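Have a look at the structure below before the remarks.
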Amino acid sequence: MFLAPNLIMFTVFVVLPILGGLLLSFTTWDITNGWPKWVGLANYHRMFSDPLVWQAVVTTLKFIVFGVVPTIFIALGLAILINVQFRFVAAVRSLYLIPAAMSYAASAVVWRYIFLDGPGYGVLDYVISRFGVTPPDWLASQTWALPALDIITVWLSLPAATILYLAALQRIPDSLLEAAALDGAGLVRQVRHIIWPGVRYMTVLVAIVALLSFTNGSFDLVNILTKGDPLYATQTLIYYIFVNGFSYGFFGYAAALSILQIAVVGGLLLALRVFSGLVRR
Amino acid sequence: MTRSTRFTRRIRIVVAVVVGLVLASPMLYMVAASLMSNTQLSVQPPQVIPSSLHFANYSDAFTGMTQVIQLRSFLNSVIFTTGAVGLQWLLCVTGGLAIAKMHFRGRGFVTAMFAVSLFIPIITTLIPTFIVTYELHLINTYPGLILPIAAQTGFGTLLFRQYMRQMPEELFDAARIDGASWWTIFRRLVVPLAKPATAAYLAISVLTAWNMYLWPLVAAEGGSLQVLTQTLALVGTTGQGEVTPQNVIFASVVIVTLPMILVFVAVQGAFIRGLTGSGVE
């Protein structure tokens with residue numbers, strides 16, 4: 001049977017971990033020493049009284065919301081900008097899409113130098129200070145470390161989001177926009193009344209794709225650049241799970257936190273669904 | 001076209017090019033810095049154009065005191081990427097064919113399961129996936145590195161299912177009447193016809209696998225199975241980073257990213273089709 005190999009692998013490494021993770025969350029387990037011990041809801045009790053958990057949830061939500069929302073609007077703007085035909089359009093579009101080839105790890109290394117603090121050191125601080133603004137301390141600052149990670153992740157998420165929007169834009173007939181332009185509708189009104197409603201289904205998809213990539217990216221960048229510092233300001237839930245599981249060896253507790261993580265992402269997807277339903281009406 | 005619209009069109013193209021350069025600037029800076037001398041990199045204010053080209057940075061990344069990249073890690077990344085993607089491709093094409101064209105009980109359920117798995121990336125089931133792999137005694141082995149990732153078949157299976165559903169039913173009926181087995185149909189008919197879908201699938205999966213950081217981090221706890229994303233993650237943060245000159249670090253990032261930039265440029269169209277499931281170029 002053709003499906004069998006796929007399904008077996010999928011069951012062992014995807015379904016089993018999801019169900020096993022649920023069971024594991026009711027146990028404590030020192031993996032090197034015997035079998036898990038059933039502790040009921042103890043991990044969940046502990047979770048509710050662990051202040052770092054709530055800080056991590058808030059950090060995760062901030063990281064995702066302040067990343068996904070800009071991604072949506074910037075990507076739509078970029079897609080509108082490059083939805084135009086001219087001779088070198090393919091080459092110019094490549095400039096927009098090429099960051100998709102970068103890993104979070106590689107980006108982390110490059111951006112670490114871009115974010116380097118002090119106007120004489122990092123490129124970004126130099127540019128900012130040229131505008132007469134004092135640049136923040138980026139990765140070392142409690143306020144700016146998380147936005148800094150957001151900036152990197154937005155940058156990495158833009159190519160896919162822009163591609164998706166470009167596909168949606170190309171389904172809006174040119175004649176519609178031309179007619180609107182003849183009626184004297186400026187760019188702002190065209191975007192509001194024709195483009196935004198025209199791509200709203202894609203907006204939902206872009207939001208989902210971005211949400212998932214921010215969930216993934218939050219680990220790579222945090223582990224490489226900040227380790228959750230300064231003072232837990234960048235400790236996302238994913239990272240806290242990793243620390244509990246692989247630094248402290250609390251596998252049961254980490255599994256319970258993973259259930260919370262799935263609930264958080266599920267909740268965001270649900271919120272997105274409700275929100276997009278409201279927008280449609 | 002009137003003069004004023006031609007004028008706005010020109011402005012729009014100029015803006016599109018400038019914005020594209022800004023978006024690509026971290027990568028352009030990475031390439032520039034990889035060719036600078038270390039003296040130039042430490043000059044204040046920061047420079048962006050190499051005053052002379054230091055190609056030796058690239059060989060320094062592989063050899064001597066400044067070595068960042070072990071050939072073994074490079075080989076590991078190649079083995080991991082080809083192994084995971086190759087195996088996953090086989091699972092996805094066969095599984096996609098089964099779900100698209102064969103009739104069996106539970107087909108709807110299986111399809112739904114694959115769809116749901118898209119929203120539960122491996123990062124959220126990291127702990128139990130690690131335990132499954134550990135209990136199979138596969139930690140620190142190539143199969144342990146490859147199998148759990150190859151098993152993430154949700155996206156690929158659904159992609160191929162979507163594509164194969166559009167293949168005419170008569171084609172399969174005719175082949176069946178001629179006495180062809182499903183295996184023959186698979187090899188002679190499906191694989192050649194699904195080439196565009198395969199290209200789209202490969203474009204996305206190869207990038208994902210090469211750039212993956214979290215799973216290799218836990219499945220190959222350092223040691224000899226380390227892949228390139230781990231190499232990059234360690235550079236500059238440890239004692240090793242203090243002796244590694246910045247320009248060599250940048251050269252290393254370019255070396256690690258270059259294969260994916262080449263892949264991306266070669267299959268950009270397929271990448272876009274894979275994301276959008278459409279004919280957008």
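No experiment lies behind these values; they were computed from the predicted model shown.
With B/Y213 contributing its side chain and A/F219 its backbone, the two residues share no donor-acceptor pair below 3.5 Å.
For B/V15, the parts sitting under 4.5 Å from any heavy atom of chain A are the backbone and the side chain alike. In this structure, chain A has no heavy atom under 4.5 Å from any part of B/S25. At a 4.5 Å heavy-atom cutoff, the contact between B/L147 and chain A is made by backbone and side-chain atoms alike. If you measure heavy-atom distances from B/W183 to chain A, the contacts under 4.5 Å come from both the backbone and the side chain. A/V209 does not touch chain B: none of its heavy atoms, backbone or side chain, sits under 4.5 Å away. For chain B, the nearby part of A/L212 is the side chain; its heavy atoms alone come within less than 4.5 Å. Both the backbone and the side chain of A/V110 come within less than 4.5 Å of a heavy atom of chain B. Using a 4.5 Å cut-off between heavy atoms, A/F88 does not touch chain B at all. Contact annotation for A/L269: only side-chain heavy atoms (C-beta onward) come within less than 4.5 Å of a heavy atom of chain B. For A/L7, the part sitting under 4.5 Å from any heavy atom of chain B is the side chain, from C-beta outward, and nothing else. Proximity to chain A is limited to the backbone of B/L118, based on heavy atoms less than 4.5 angstrom apart. Looking at A/L158, the atoms closer than 4.5 Å to chain B (heavy atoms on both sides) all sit in the side chain, from C-beta outward. The contact between B/M102 and chain A is made entirely by side chain atoms (from C-beta outward), counting heavy-atom distances below 4.5 Å. If you measure heavy-atom distances from B/V110 to chain A, the contacts under 4.5 Å come from the side chain alone.
Minimum heavy-atom separation, B/P128 to A/G21: CG-CA, 3.7 Å. For the residue pair B/Q152 and A/V14, the shortest heavy atom distance occurs at NE2-CG2, 3.8 Å. Here the shortest heavy-atom pairing between B/F264 and A/A101 reads CB-CB, 4.1 Å. Nearest approach of A/A106 to B/V253, heavy atoms of both residues: CB-CG1, 3.7 Å. In plain terms, the two heavy atoms of A/V84 and B/R9 that are nearest each other are CG2-NH1, 3.7 Å. B/P26 and A/W111 get closest at one heavy-atom pair: CG-CZ2, 3.6 Å.
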### Task
Evaluate the side-chain contact (heavy atoms from CB on, under 4.5 Å) criterion for residues B/F114 and A/N6: first the C-alpha distance (whole Å), next the side-chain angles of each, then the deciding distance (0.1 Å), finally the verdict.
CA-CA 11 Å; B/F114 283 126; A/N6 186 332; 3.6 Å; yes
### Query
Yes or no on side-chain contact (heavy atoms from CB on, under 4.5 Å) for B/F119 and A/I208, after CA distance, side-chain angles and deciding distance?
CA-CA 9 Å; B/F119 299 105; A/I208 293 174; 3.5 Å; yes
### Task
Take B/I131 and A/W29, measure what side-chain contact (heavy atoms from CB on, under 4.5 Å) needs, and give me the verdict at the end.
CA-CA 10 Å; B/I131 291 174; A/W29 191 2; 3.3 Å; yes
### Query
When you look at B/F250 and A/Y113, which way does the ring-ring contact (aromatic ring centres under 6.0 Å, His included) test go after all the steps?
CA-CA 10 Å; B/F250 277 110; A/Y113 291 106; 5.1 Å; yes
### Task
Before giving the answer on side-chain contact (heavy atoms from CB on, under 4.5 Å), spell out for A/V265 and B/I120 the whole-Å C-alpha distance, their side-chain angles and the decisive distance to 0.1 Å.
CA-CA 9 Å; A/V265 173; B/I120 310 179; over 6 Å; no
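Interface remark: of the candidates B/V263, B/I127, B/L207, B/I127 forms the most heavy-atom pairs closer than 4.5 Å to chain A. Among the candidates B/M260, B/Q246, B/M212, the residue making the largest number of heavy-atom pairs closer than 4.5 Å to chain A is B/Q246. For chain B, the option among A/S94, A/G20, A/A4, A/A90 with the highest count of heavy-atom pairs below 4.5 Å is A/S94. Interface summary for chain B: among A/L97, A/I114, A/I262, the most heavy-atom pairs under 4.5 angstrom belong to A/L97. Among the candidates A/P159, A/G245, A/A100, A/G266, the residue making the largest number of heavy-atom pairs closer than 4.5 Å to chain B is A/A100. Chain B forms the most heavy-atom pairs under 4.5 Å with one residue out of A/L205, A/L78, A/I98, and that residue is A/I98. Of the listed residues (B/V218, B/L90, B/V22), the greatest number of heavy-atom pairs within a distance under 4.5 Å of chain A belongs to B/V218. Contact count versus chain B (heavy atoms, under 4.5 Å) is highest, among A/L19, A/I241, A/N244, A/I238, for A/I238. Per-residue heavy-atom pair counts under 4.5 Å with chain A were compared for B/A16, B/A98, B/G95, and the maximum is reached by B/A16.
Of the inter-residue distances, the one linking B/M27 atom CE with A/W155 atom CH2 reads 5.5 Å to the nearest 0.5 angstrom. Note: B/L232 CG to A/S103 OG = 6.0 Å, rounded to the nearest 0.5 Å. A distance of 5.5 Å separates CG of B/L91 from CE of A/M9, quoted to the nearest 0.5 Å. Rounding to the nearest 0.5 angstrom, the gap separating the CZ atom in A/F13 from the CG atom in B/L136 is 5.5 Å. Once rounded to the nearest 0.5 Å, the distance linking CD1 of A/I82 with CD1 of B/I13 reads 12.5 Å. Separation of atoms OG1 (B/T125) and CG (A/L24) is listed at 12.0 Å; rounding is to 0.5 Å.
When the shell of 6.0 Å around CZ of B/F109 is examined, it contains 12 or fewer heavy atoms from other residues, nucleotides or ligands. Other residues, nucleotides and ligands contribute over 12 non-hydrogen atoms within 6.0 Å of the CZ atom of B/R107. Within 6.0 Å of the CD1 atom in B/I49, the count of heavy atoms belonging to other residues, nucleotides or ligands does not exceed 12.
B/Q88 is linked by a side chain to side chain donor-acceptor pair (under 3.5 Å) to B/Y201, counting only residues two or more places apart in sequence or in another chain.
Aromatic ring centroids of B/F130 and A/F246 lie under 6.0 Å apart.
Residues A/L95 and B/L21 form a side-chain contact, since some pair of their non-hydrogen atoms from C-beta on lies under 4.5 Å apart. A/L81 is listed as a side-chain neighbour of B/R12, based on a closest heavy-atom distance under 4.5 Å.
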